[in-house]
Structures are given as C-alpha cells and as structure tokens.
Amino acid sequence: MAAAETDHARGLLLTAIGGLALTVDIPLIKLASGEAWSILLVRCIATFAAALLVWIAWRAISKNAPPLIPGRAGLAVATLYGLSSLTFITAVYTTSTANLVFILAFNTTFAALLSWVFLKERPRPATFAAMAAMIVGVGIIVSDSIGSGNLFGDLMAACSAFFIASAITITRATGKDMGFTSLVAVLLPAAVAAFMVAGDGYRIDAPWWIIFNGAVIMPLAFFCLATGPKYISGPEVAMFYLLETVLAPVWVWLIFSEAPTTRSLIGGVILIVALVAHSLWQLWEGRRRRAARVLRHPV
C-alpha cells in the first residue's frame, strides 16, 4: 500500500506540473500574434517533432521507453485527444470565451461520472466537494456573460470536455502509459489546420513564441497530464485542467495589462483554494493511513 500512496503523490505532482505548464498556452498564442489555423498548424508540428525526438532519444538510452501508441486503447485515446483539440478550436470561434470556459469546467464532472460508471471508482465526498467548489468558482468567473454564446459552439465545448474526460478514463482503465499518445494525437488537428491554411493563407507575426509553445510547453503539459491517470483517479486529473481557467487570465493581465474583473479574481481564488485543499487532503489522508497500519502492525 505504501507504493500505492507513493504513486498517488507522484500522480498529483505530475498533473500539477502539467496543469501549470498549460496555463501559459494562451499568453504564448497571443504573443505570437497570427491567424488561428496557422498558429494551430505550427504548434502541432512543433509538438509532434519534439515528442518524436524525445521518444527516439529515450528508446536509444533505455528499452523501457513507453510506446507512442500502446495498442487499440492507445489509438482510441489518441483519437479522443485529437477530436478534443478540433472541437476546442471550433468552440473558440463559435461561442463566447465565457461559455467555453464554463463548459470546459465540466471536464471534472464528466471524468467523475465515467470513472464511477465504467471503473466503479466512486469519488470520495472530498472530491465531490472540491468539484462542486470549482464549478461554483468558474460560474462566478463567467457569470456576467453566461448565455451569450452560440448553441453550436456550446455543444462543441461540451464535446471537447467529454473527449478529454473519456481519454482520461480509458487511460485509467488500462493503466498504460499514454504520455506520448496525447502528443501523437496532434497529427489530426494538424491535418485539418494544414487544409485550412492551404485555402486561407499563412500568417504568424512572431513564430518563435508559438514554436516554443509547441516544442516545449505543450509536450510537457500533455505528457504530464496524460500520464497522471496511471497513478490517480480521473476526476483528480481533470481538476488540474482548471488551472488554465484560473492562471491564464493572470498571465495575460501581467503581460498585456488586461486586468481581470473582480468576479474573475473571486472565482479564481475559490478554484485555487479548492484544488490545493483537495491535494493536501489526499496527501494527509495517505500519511494517516500509513501511520495507522504501522500502529496495527508494529515491527
């Protein structure tokens, strides 16, 4: 059981790193300043190239390197991550940002329900409480403009959240390492972006920002977030995706002087407190159980 608790702590650390890395995605996209499909194309190509180089180097050094796509389950996960990227980009341009952020927050709820139904992993009351608090926080952030989005865009946002939650659930069910699978998945949105750029033209004013984003930030974020379900539950992994909702506006504020509203700050504080409190509770609970076993079975 001690090994299981160590794995849980490792999973929390991995997903925290991945979630934090993901928060700088939007600021780097804004710094690149370009046409959406061009940015998506360059980011996807850079991500795939970086992932492939790391995988080749890993294979050369060690025989324990995880496969790019581990079997049929890996193919399903890659397809789901690819579809989530496409539906996300579609939602960005067909609904309000507020609606998009709010609906994506239900990633945690989808993950909890899927894990409960298919994996029989009933979330603990503390996880339910953290999820509820985070949904309230996101609701406060976007309360000024809920309902202003397009119905199709709202549906695409819901699909994106559901696809990510489904990928997390499959990874959790198989126990396989899907770190590189989420990175290979960028080939699907890259193909669509290439088709769009061929028709609409290419434009990126500062390509080095998006290359850095694709080659460093995205591989780090998606590798950690895709590996997390191997060690911790789906709802826990999904909660770390919400860090982008909280911190991305802060980075934009610091870089571009786009100050968040009072409601955004209040909602963000609720999200951060809920996430940190839940993670600390999980670690404390693991230590408490380990101490209880030592008392029951003294050496």
Side-chain angles (χ1 to χ4, degrees), residues 11-12 14-16 18-19 22 25 70 72-92 95 99-124 126-139 153-179 181-186 188-189 218 221-246 271 274-275 278-279 282:
L12 289 175
L14 277 172
T15 47
L22 195 61
D25 179 30
R72 293 182 179 178
L75 183 60
V77 168
T79 301
L80 287 166
Y81 276 120
L83 290 173
S84 72
S85 295
L86 289 175
T87 50
F88 175 79
I89 289 295
T90 304
V92 167
T95 191
N99 281 33
L100 174 59
V101 170
F102 179 76
I103 294 170
L104 287 178
F106 284 95
N107 180 10
T108 57
T109 303
F110 285 140
L113 292 175
L114 290 171
S115 295
W116 193 354
V117 171
F118 293 105
L119 307 183
K120 309 304 178 185
E121 293 182 346
R122 188 181 188 279
R124 295 181 179 181
T127 301
F128 276 124
M131 288 164 50
M134 287 187 287
I135 289 174
V136 169
V138 175
D154 291 347
L155 178 61
M156 290 296 99
C159 287
S160 183
F162 182 77
F163 289 145
I164 291 175
S166 299
I168 291 172
T169 303
I170 293 175
T171 302
R172 180 68 176 171
T174 61
K176 294 182 178 179
D177 194 328
M178 300 285 186
T181 305
S182 63
L183 302 177
V184 175
V186 299
L188 177 58
M218 289 297 98
F222 285 119
F223 181 87
C224 291
L225 288 168
T227 305
K230 183 179 178 181
Y231 303 106
I232 61 178
S233 69
E236 290 174 304
V237 174
M239 285 192 295
F240 282 94
Y241 277 89
L242 295 181
L243 284 174
E244 184 177 25
T245 304
V246 181
L271 281 164
L275 188 58
H278 182 268
S279 297
Q282 290 279 16

- Which distance, rounded to the nearest 0.5 Å, do you find between the OH of Tyr231 and the OG1 of Thr171? 12.5 Å
- Note on the structure: Here the gap from Thr181 atom OG1 to Phe223 atom CZ, rounded to the nearest 0.5 Å, amounts to 10.0 Å
- Heavy-atom pair with the smallest gap, counting every atom of Ala111 and Ala165: N-CB, 3.6 Å
- Message: Other residues, nucleotides and ligands only: do more than 12 of their heavy atoms fall within 6.0 Å of CZ on Phe128?
- Response: yes
- Task: Kindly determine whether Phe162 and Leu114 satisfy side chain to side chain contact (heavy atoms under 4.5 Å, CB included), including the steps that lead there.
- Result: CA-CA 10 Å; Phe162 182 77; Leu114 290 171; 4.2 Å; yes
- Calculate, to the nearest 0.5 Å, the distance between atoms OG and OH belonging to Ser166 and Tyr81 respectively. 10.5 Å
- Message: Counting C-beta onward and ignoring hydrogens, is there a side-chain heavy-atom pair between Leu22 and Phe222 closer than 4.5 Å?
- Response: yes
- Query: Pro189 and Leu86: which non-hydrogen atoms are nearest, and at how many Å?
  - Reply: CA-CD2, 3.7 Å
- Atom of Ile232, atom of Leu12 and distance for their closest heavy-atom approach: CG2-N, 4.0 Å
- Query: When rounded to the nearest 0.5 angstrom, what distance separates CD1 in Ile168 from CG in Asn107?
  - Reply: 5.0 Å
- Item | Nearest heavy-atom neighbours spanning Ala76 and Ile170 | CB-CD1, 4.2 Å
- Query: Hey, does the side chain of Ser160 reach the backbone of Met156 with a donor-acceptor pair shorter than 3.5 angstrom?
  - Reply: no
- Query: How long is the gap from CG on Leu75 to CG on Leu80, to the nearest 0.5 Å?
  - Reply: 9.5 Å
- Nearest heavy atoms of Gly179 and Thr227, plus distance in Å: CA-OG1, 3.5 Å
- Query: Are Ser85 and Leu188 side-chain neighbours, meaning at least one heavy-atom pair lies under 4.5 Å?
  - Reply: no
- For Pro70 and Met178, the nearest pair of non-hydrogen atoms, with its separation, is CG-SD, 3.5 Å
